[in-house]
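Right, one structure below, let's go through it.
Only heavy atoms go into these numbers, but all of them, side chains included; no hydrogens, no water, no symmetry mates.
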Number of protein chains: 2
Amino acid sequence: MTGRPPSIRDVAEVAGVSTATVSRTLSNPDVVSEKTRESVFHAIQETGYRLNVTARNLRRQESGGIAVLVPNLSNPFFARILSGIAEIMSEAGYNVLITDTSPMSHDEHRFPEYFRLNQTDGLIILDGMLNRELLLNRGAPDARAPMVFACEWIDEIRRPTVTIDNRAASEMAVRHLVRLGHRKIGHVGGPPDNVLTTSRRDGTREALRAAGLPVRADWFYDGDFSLDSGAAAARSWLASKDRPTGIHLASDEMAMGFIGELHRAQVSVPQDVSVVGFDDLEIAPHFVPPLTTIHQPRIEIGRAAAKMLLERMRTPPQDRTRRPAPRVVLPVELVERLSTAPPP
Amino acid sequence: MTGRPPSIRDVAEVAGVSTATVSRTLSNPDVVSEKTRESVFHAIQETGYRLNVTARNLRRQESGGIAVLVPNLSNPFFARILSGIAEIMSEAGYNVLITDTSPMSHDEHRFPEYFRLNQTDGLIILDGMLNRELLLNRGAPDARAPMVFACEWIDEIRRPTVTIDNRAASEMAVRHLVRLGHRKIGHVGGPPDNVLTTSRRDGTREALRAAGLPVRADWFYDGDFSLDSGAAAARSWLASKDRPTGIHLASDEMAMGFIGELHRAQVSVPQDVSVVGFDDLEIAPHFVPPLTTIHQPRIEIGRAAAKMLLERMRTPPQDRTRRPAPRVVLPVELVERLSTAPPP
DNA sequence: TATGCCGATGTAATGGATTACATCAGGGAT
DNA sequence: ATCCCTGATGTAATCCATTACATCGGCATA
């Protein structure tokens with residue numbers, strides 16, 4: 001009874017037209033006469049026909065999907081960015097393949113799989129630490145593949161980017177501490193080679209310098225954006241003699257890990273030390289204490305990246321390389337909550 | 001210079017064999033002679049050939065991908081489950097399409113898109129509130145499509161499931177409060193019709209009954225698993241006269257929202273009220289105070305669901321409907337941290 | 001009436017890999 | 001020497017939708 005699913009042929013037969021007409025009715029309704037159009041739609045109803053996307057993709061030399069490369073899916077920071085991407089992309093009829101790159105970095109072997117030709121029509125990259133050569137040479141998406149960076153980026157690779165002004169954002173964070181009266185201000189950065197780490201650290205330094213405050217190496221702790229690394233930074237802070245009274249951490253997760261660890265040591269925020277995070281995760285306003293932080297418009301970042309990629313996919317390759325890669329910078333804002341106060 | 005990418009034909013030509021042999025070399029190396037195999041591999045190297053997955057999928061009547069239906073991507077609970085799924089699935093050569101169902105529930109219209117025939121070879125469903133009929137009748141994955149449920153499930157749909165024993169888990173949570181000496185215990189549940197809500201609430205009731213404690217309707221608050229709903233529950237708690245001294249909330253996010261809101265009202269946990277969550281999110285040990293909660297083996301849930309789906313996809317349809325749907329129940333444990341203490 | 005054009009539709013090639021079936025060569029058995 | 005069998009390989013149909021090109025009918029203009 002239920003043989004194979006109905007194909008365009010069956011529809012054509014029922015409607016009494018050729019397969020070409022059915023196809024046209026579906027992808028370009030205006031070119032067929034109204035009478036035909038109706039009988040085709042009717043035949044589609046009757047047969048229960050559904051387009052075979054794979055066949056279309058094969059013929060059109062597309063894949064119907066795009067891939068998003070996320071450095072770490074467990075980081076809640078990315079969820080809303082992905083929502084934004086998925087929203088725009090599925091509206092445009094694309095599938096969104098989400099790929100966590102963290103296993104790849106250690107297992108280069110599997111990497112090119114994700115780039116198999118025809119596997120994806122485009123790439124949104126949220127991970128600035130991917131192996132450059134791998135990205136450009138080996139795996140199939142040769143230098144001409146539509147590709148946009150969001151949040152993070154890679155300097156040597158000239159591609160459209162959607163970012164925020166990380167430097168200015170960290171400056172804002174630090175200025176806020178300065179404004180509250182802090183004179184001893186520290187910083188916890190992300191992983192060493194990350195572009196965000198660099199810009200945020202530079203912003204922090206710049207703001208300190210502008211305020212005439214010391215930039216002390218022993219007040220600049222290392223982290224990796226994770227909760228645990230925030231806790232580790234807290235331990236360093238506790239261990240030092242001359243402690244900063246205000247700290248700006250390059251991610252909310254670190255800020256929360258930091259505060260959590262201090263709490264365990266009976267040190268309270270903001271009474272004993274003020275904390276400014278970065279990201280404004282959903283949980284930030286619910287944390288104890290509610291976190292002062294830099295708000296990133298994450299859904300917007302995702303949407304903007306998706307739109308940019310769509311545009312990029314629509315422009316023919318030769319035009320693509322010619323024009324300079326557009327750079328969108330979205331605005332951020334400081335959200336003042338209760339993890340900051342005047343110094344003790 | 002760079003025409004279209006090399007196809008199996010080009011390889012065949014270079015290797016001096018037929019396309020059939022190339023295909024066999026790739027998908028079934030044992031049947032070709034060693035000499036041929038070598039020359040084919042060599043030709044692949046030389047031409048830079050990559051398999052066109054779309055063509056293979058068309059021919060094999062597969063899609064090469066599976067879809068995961070997540071109720072809410074922003075909920076950090078799902079990240080590790082997705083990691084587990086992706087790990088197993090990409091090992092097996094499948095793409096993983098992650099789909100947030102929250103826009104769908106309101107926009108039924110778009111729903112069937114995701115189920116287009118040949119769009120996915122299987123489904124992992126983490127959302128027990130999907131429209132049953134939609135799932136079974138309309139969209140293409142007619143009743144025979146490989147489909148497994150994880151975390152949540154739908155009673156009327158008999159499919160393999162990977163779950164935890166939610167009822168027993170909540171019993172554990174409540175027993176812990178009882179053991180600490182609490183006699184007035186409340187509960188905050190998830191969204192009304194959710195299967196998890198029901199089982200966890202039942203577990204809570206059962207444990208109270210077993211301990212000879214009152215099950216008071218005014219101590220059972222409504223929530224929806226979100227941070228905000230936890231905060232709302234806290235406001236209800238604050239507003240009531242006769243307050244429970246211990247609360248078990250059906251998700252960590254709610255527990256954190258609850259604690260955060262209480263903190264704002266100068267009520268502290270666990271001094272004034274003890275809190276037990278559910279899930280053991282990454283942030284739970286870093287929260288202030290560190291959260292006592294039920295640990296769910298989330299990566300394992302993801303892995304198990306993926307393995308089950310793979311097996312399901314391998315068994316022919318007729319066998320599939322015949323055999324009873326397997327049910328895997330993974331163990332949970334109570335993690336005692338600092339959000340619980342004896343009652344004031 | 002003949003010519004030309006346009007809109008609507010059909011015909012058939014195409015995309016790339018898979019695989020049922022056909023073929024062929026070589027070894028072993030009689 | 002003949003026949004059969006087996007392992008290796010080739011031939012060609014197939015999966016389904018798309019689209020360049022061909023065709024056809026009808027209307028308008030000369």
Side-chain angles (χ1 to χ4, degrees), chain A residues 2-44 47-65 93 116-121 140, chain B residues 2-44 47-65 93 116-121 140:
Chain A
T2 37
R4 45 189 83 273
S7 82
I8 199 171
R9 260 199 165 103
D10 304 304
V11 178
E13 205 165 316
V14 171
V17 298
S18 72
T19 61
T21 301
V22 176
S23 176
R24 277 189 286 253
T25 309
L26 256 37
S27 52
N28 204 0
D30 300 330
V31 305
V32 302
S33 74
E34 191 178 330
K35 219 176 63 178
T36 321
R37 209 182 312 146
E38 267 173 28
S39 70
V40 168
F41 281 134
H42 185 263
I44 288 177
T47 53
Y49 168 74
R50 330 221 104 214
L51 179 73
N52 182 323
V53 187
T54 309
R56 163 185 283 184
N57 289 337
L58 174 60
R59 180 62 231 245
R60 290 202 178 156
Q61 299 280 69
E62 298 172 349
S63 83
R116 268 184 187 150
L117 197 55
N118 287 329
Q119 194 75 311
T120 56
D121 294 335
Chain B
T2 38
R4 44 189 83 273
S7 81
I8 199 170
R9 262 197 164 104
D10 304 304
V11 178
E13 206 165 315
V14 171
V17 298
S18 72
T19 60
T21 301
V22 176
S23 176
R24 278 189 286 252
T25 309
L26 256 37
S27 52
N28 203 359
D30 300 330
V31 306
V32 302
S33 75
E34 192 178 329
K35 219 176 64 179
T36 320
R37 210 183 309 148
E38 267 172 28
S39 71
V40 168
F41 281 134
H42 185 263
I44 289 177
T47 52
Y49 168 74
R50 330 220 104 214
L51 179 72
N52 181 323
V53 187
T54 308
R56 162 184 284 185
N57 288 337
L58 174 60
R59 179 61 231 241
R60 290 204 178 152
Q61 299 279 72
E62 299 172 349
S63 83
R116 267 181 186 155
L117 197 55
N118 288 329
Q119 193 76 310
T120 56
D121 295 334

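Considering only side-chain atoms of L58(A), the nucleotide from dA17(C), dG10(C), dG15(C) that sits closest is dG15(C). Nearest nucleotide to the I8(B) side chain, out of dA17(C), dT18(D), dT9(C): dA17(C). With dT18(D), dT11(C), dG10(D) as the candidates, the nucleotide lying closest to the side chain of R56(A) is dT18(D). When each of dT9(D), dA17(C), dG10(D) is scored by its nearest atom to the side-chain atoms of A20(B), the top-ranked nucleotide is dG10(D).
A donor and an acceptor atom never sit less than 3.5 Å apart when one is taken from the side chain of R60(B) and the other from the base of dT18(C). Judged by distance alone with a 3.5 Å cut-off, a donor-acceptor contact links the side chain of R24(A) to the base of dG10(C).
In this entry the distance linking CZ of R9(A) with P of dT11(C) reads 12 Å, nearest Å. At whole-Å resolution of the value, CG in L26(A) and P in dT19(D) are 12 Å apart. Spacing between atom CG of D30(B) and atom C1' of dG7(D) amounts to 13 Å, rounded to whole angstrom units. Following rounding to the nearest Å, Q61(A) (CD) and dC16(D) (P) show an atom-to-atom distance of 19 Å. Spacing between atom CD of E13(B) and atom C1' of dG10(D) amounts to 15 Å, rounded to whole angstrom units. Residue E34(A) contributes atom CD, which lies 12 Å from atom P of dT9(C) at whole-angstrom precision. For N52(B) and dT14(C), the CG to P distance is 17 Å, given to the nearest whole Å. At whole-Å resolution of the value, CG in N57(B) and P in dT19(C) are 12 Å apart.
Across all strands, V22(A) comes closer than 4.0 Å to no nucleic acid atom at all (heavy-atom distances). Note on S23(B): a base of the nucleic acid sits closer than 4.0 angstrom, heavy atoms only. Here T36(A) lies in heavy-atom contact (under 4.0 Å) with sugar-phosphate atoms only.
Residue R37(B) qualifies as enclosed at atom CZ: its count of foreign heavy atoms under 6.0 Å is above 12.
What you find for I8(B) and T19(B) is that their closest heavy atoms are CD1-O, 3.7 Å. Closest of all the heavy-atom pairs between Q61(A) and N52(B) is OE1-ND2, 4.4 Å.
Panel note: side chain S27(A), backbone S23(A); a donor-acceptor pair is recorded below 3.5 Å.
Put simply, R59(B) has no side-chain N or O that comes within less than 4.0 Å of OP1 or OP2 on dT14(D). Distances shown here put every side-chain N or O of S7(B) at or beyond 4.0 Å from the OP1 or OP2 atom of dG16(C).
With no hydrogens or angles considered, no side-chain donor-acceptor pair links S63(B) and N57(B) at under 3.5 Å.
Map S33(B) and T19(B) each onto its nearest nucleotide of DNA chain D; the residue landing nearer the 5' end is S33(B).
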